[in-house]
Structure formats: structure tokens, C-alpha cells
Student: 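Can you keep this structure in mind? I'll have questions shortly.
Predicted, not measured: the structure shown is a model, and the values here were computed from it. First listed ligand is number 1; within each ligand, the first listed atom is number 1.
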Amino acid sequence: MKPREWSDRYRSHNTKWDLGQSPEQLVSYIVELAERKKVLIPGCGRGYEIKDFHEASHEVTAIDFSEGAIEASRQVIGDLADKIICDDFFKTPLKEDSFDICYERNFFCAISMDRWKDYGPRIASLLSEAGILIGIFQYGKHEDDGPPFPMTLEDRERYIEPYFLLLHDEFTHSGLSLYNDHAEHWQVWQKR
Ligand SMILES: C[S@@+](CC[C@H](N)C(=O)[O-])C[C@H]1O[C@@H](n2cnc3c(N)ncnc32)[C@H](O)[C@@H]1O
């Protein structure tokens, strides 16, 4: 979907993916972080997580290419929406090897399947050597009428595992009907 189509959805409040808060697993994860981290959030949407990381003193850079998402974000996190870069995550200039954590929720399933090959290399290149990818991922059979585009285990093997090692995998359910036919997973991946 193009940025304008995402913006239309935010402006008409047609945002069935929106949880209205950070996932509980992320809240617990942030509590456990001992040091200040540099955090990258691609496809941040309304960006509840920007606030949670920021309030725990972490340095956040978020990216979303939809102006409507950023307007919507301003309504829930105020001036922290200034942390969002309005650009395509795959093209915007960002310093390589500079982030400790990449957090994403339902970004991989929001990009078209022909973009999946770019996901692992892009995130791995931006993370430091000990970098971690965390977030909520959607699994299920391929759907033509997405987003969301859930992935299969074969997709994960092909697009994510060459770049990241799975450290933690937990089944979860957001309660959002959009994802009723998917398996939602909270996962923690270590950069290879
Ligand atoms: C399904 S929404 C998820 C938003 C948010 N992470 C959440 O959990 O509510 C996907 C978001 O990714 C953004 N997005 C999709 N493709 C993008 C791209 N190539 N670069 C930057 N943002 C993108 C959309 O504008 C949208 O806000």
C-alpha cells in the first residue's frame, strides 16, 4: 500500500491493527533493560511504544512514511511525534551499525511480499553487532488481499533467519479481529 492509502486509513480511523497501547510483552521487556539503548522503530504508526521507550530514558528513532500516521501519532504522544522520520524505511538515510534494538509490530506483514527480501538486510545493517530485533510478527497462510500479509515458516527461514537467530518465541493474541486467522508471535531475535 502507498503512503497516501495508509494516511487515508489513519484519517478515517480505519486502523483495525491499532492496539491502543504497547504490547504487554514490550512493556515487560523495557522494564528489564538495564542500560540506555538506541532504539529503531520502523512503521511505527501511532507510536505508543515511542513514549514507553522514551519514558524509560531510551533514545528512539521511529520511521513511518505516512503523514496521516504522524498526525495520528501527535494526537496520542504529543511532541514525541517529532521523533518520527516521515520517509520510506528502506530508503531513508540512517547510520549503519548504530542501533541496539529494533522494535517492530506488524511492519513486516504490512509491506508487500516482494519487499520481504529487503527486510532482514536493512534491519541487520542498522543494528550494532550485538543488536536485537524484537516485536510482534504475524504467521499464517499467504493472503493476496493484504495487508496484513502473514508469513509462513518457510518465509521466516528465507527472509529472517539468514540475518537473525531466534532467541525467544511466544504465542500471543492481541484480541484484534483483523488477526483472528493468524498466529501472532512475540519474538526476540539476535543479529547474526
Ligand atoms: C499495520 S501498520 C502498524 C503500525 C504500528 N506499528 C502499530 O503496531 O500500530 C503499518 C505501518 O507501517 C507503515 N509503513 C508501511 N510501509 C512502510 C515503509 N516502507 N516505510 C515506512 N513506513 C511504512 C504504514 O504507514 C503503517 O503506519
Student: Do the ring planes of Phe107 and Phe90 sit parallel (below 30°), tilted (30 to 60°) or perpendicular (above 60°)?
Tutor: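 Rings of Phe107 and Phe90: parallel, as their planes differ by under 30°.
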Student: Considering only heavy atoms, does Asp87 approach ligand 1 within less than 4.0 Å through its side chain, its backbone, both, or neither?
Tutor: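 Contact part for Asp87 vs ligand 1: backbone (N, CA, C, O).
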Student: Please determine whether side chain to side chain donor-acceptor pair (under 3.5 Å) holds for the pair Ser177 and Asn180, giving the CA-CA distance in whole Å, both sets of side-chain angles, and the decisive distance to 0.1 Å.
Tutor: CA-CA 5 Å; Ser177 59; Asn180 275 353; 5.2 Å; no
Student: What protein heavy atom lies closest to atom 19 (N) of ligand 1? Include the residue and the distance to one decimal.
Tutor: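 That would be Asp88 OD1, 3.1 Å.
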Student: Looking only at heavy atoms, what is the nearest atom pair of Asp169 and Gln187, with distance?
Tutor: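 What the structure gives for the nearest pair is OD1-NE2, 3.1 Å.
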Student: For Cys44, counting its heavy atoms only, list the atoms of ligand 1 lying under 4.0 Å from any of them.
Tutor: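 The atoms of ligand 1 under 4.0 Å from a heavy atom of Cys44 are 5 (C), 6 (N).
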Student: Could you find the nearest protein heavy atom to atom 14 (N) of ligand 1 and give me its residue, atom name and distance?
Tutor: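 Answer for atom 14 (N) of ligand 1: Phe65 CE1, 3.5 Å.
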Student: Determine whether a donor-acceptor pair (N or O, by modelled atom type, separation under 3.5 Å) exists between the side chain of Lys191 and the backbone of Ala124.
Tutor: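 Yes; at least one donor-acceptor contact below 3.5 Å.
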Student: Can you tell which part of Pro3 has a heavy atom less than 4.0 Å from ligand 1: side chain, backbone, both or neither?
Tutor: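 It is neither part, as no heavy atom is under 4.0 Å.
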Student: Determine, using heavy atoms of Ile41 and all atoms of ligand 1, whether some pair is separated by less than 4.0 Å.
Tutor: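 No, Ile41 has no heavy atom closer than 4.0 Å to ligand 1.
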Student: If you measure from atom 13 (C) of ligand 1 to every heavy atom of Asp64, Leu178, Ile63, Asp18, which option wins on shortest distance?
Tutor: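 Looking at heavy atoms only, the winner is Asp64.
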Student: So which protein heavy atom does atom 4 (C) of ligand 1 come closest to, and at what separation?
Tutor: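 Going atom by atom, the protein heavy atom closest to atom 4 (C) of ligand 1 ends up being Gly43 O, 3.3 Å.
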Student: Identify which of Arg105, Arg4, Glu49, Gln21 has a heavy atom lying nearest to atom 8 (O) of ligand 1.
Tutor: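 Shortest heavy-atom distance from atom 8 (O) of ligand 1: Arg105.
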Student: Who's the nearest protein heavy-atom neighbour of atom 20 (N) of ligand 1, and how far?
Tutor: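 Of the protein heavy atoms, Phe89 N, 2.9 Å lies nearest.
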Student: Measure up the Phe108 and Trp116 rings against each other and bin them: parallel (under 30°), tilted (30 to 60°), perpendicular (over 60°).
Tutor: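 Aromatic pair Phe108/Trp116 classed parallel.
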Student: May I have the list of side-chain donor-acceptor pairs in residues 19-26 shorter than 3.5 Å, sequence neighbours left out?
Tutor:
from  : atom 1 : to     : atom 2 : distance (Å)
Ser22 : OG     : Asp52  : OD2    : 2.5
Gln25 : NE2    : Thr172 : OG1    : 3.0

Student: Please list, chain by chain and in numerical order, all residues satisfying salt bridge (charged side-chain N to carboxylate O under 4.0 Å, His left out) with Glu161, sequence neighbours excluded.
Tutor: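 For Glu161, the residues satisfying salt bridge (charged side-chain N to carboxylate O under 4.0 Å, His left out) (neighbours in sequence not counted) are Arg156.
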Student: Around atom 10 (C) of ligand 1, find the nearest protein heavy atom and jot down its residue, atom name and distance.
Tutor: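 For this ligand atom, the closest protein heavy atom is Ala110 CB, 3.6 Å.
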Student: So which heavy atom in the protein is nearest atom 2 (S) of ligand 1, and how far is it from that ligand atom?
Tutor: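 Answer, as residue, atom name and distance: Trp17 NE1, 3.5 Å.
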Student: Verify, without hydrogens or angle tests, whether Glu129 (side chain) and Gly131 (backbone) share a donor-acceptor contact under 3.5 angstrom.
Tutor: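 Judged by distance alone, no pair lies under 3.5 Å.
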Student: Show which atoms of ligand 1 fall inside a sub-4.0 Å distance from at least one heavy-atom site of Asn106.
Tutor: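 Answer for ligand 1: 1 (C), 3 (C), 10 (C).
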Student: Consider only side-chain N and O atoms of Arg9 and Ser66, and report whether a donor and an acceptor are under 3.5 Å apart.
Tutor: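 No - no donor-acceptor pair under 3.5 Å links their side chains.
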Student: Hey, does Tyr10 come in under 3.5 Å of ligand 1, counting only N/O atoms on both sides?
Tutor: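 Between Tyr10 and ligand 1, an N or O pair is found under 3.5 Å apart.
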Student: Taking only heavy atoms of Ser66 into account, list the atoms of ligand 1 that are under 4.0 Å away from them.
Tutor: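 Every atom of ligand 1 under 4.0 Å from some heavy atom of Ser66: 25 (O).
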Student: Any non-hydrogen atom of Tyr48 lying under 4.0 Å from ligand 1?
Tutor: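 No, that is not the case, since the closest heavy atom of the residue is not under 4.0 Å from the ligand.
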Student: If every non-hydrogen atom of Leu80 is compared with every non-hydrogen atom of Lys51, which pair is closest and at what distance?
Tutor: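 Closest heavy-atom pair between Leu80 and Lys51: CD1-CA, 3.8 Å.
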Student: Short N/O distance, under 3.5 Å, between Ile111 and ligand 1?
Tutor: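 No, there is no polar N/O contact under 3.5 Å.
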Student: Can you check side chain to side chain donor-acceptor pair (under 3.5 Å) on Asp114 and Ser112, steps first, answer last?
Tutor: CA-CA 5 Å; Asp114 60 10; Ser112 60; 2.7 Å; yes
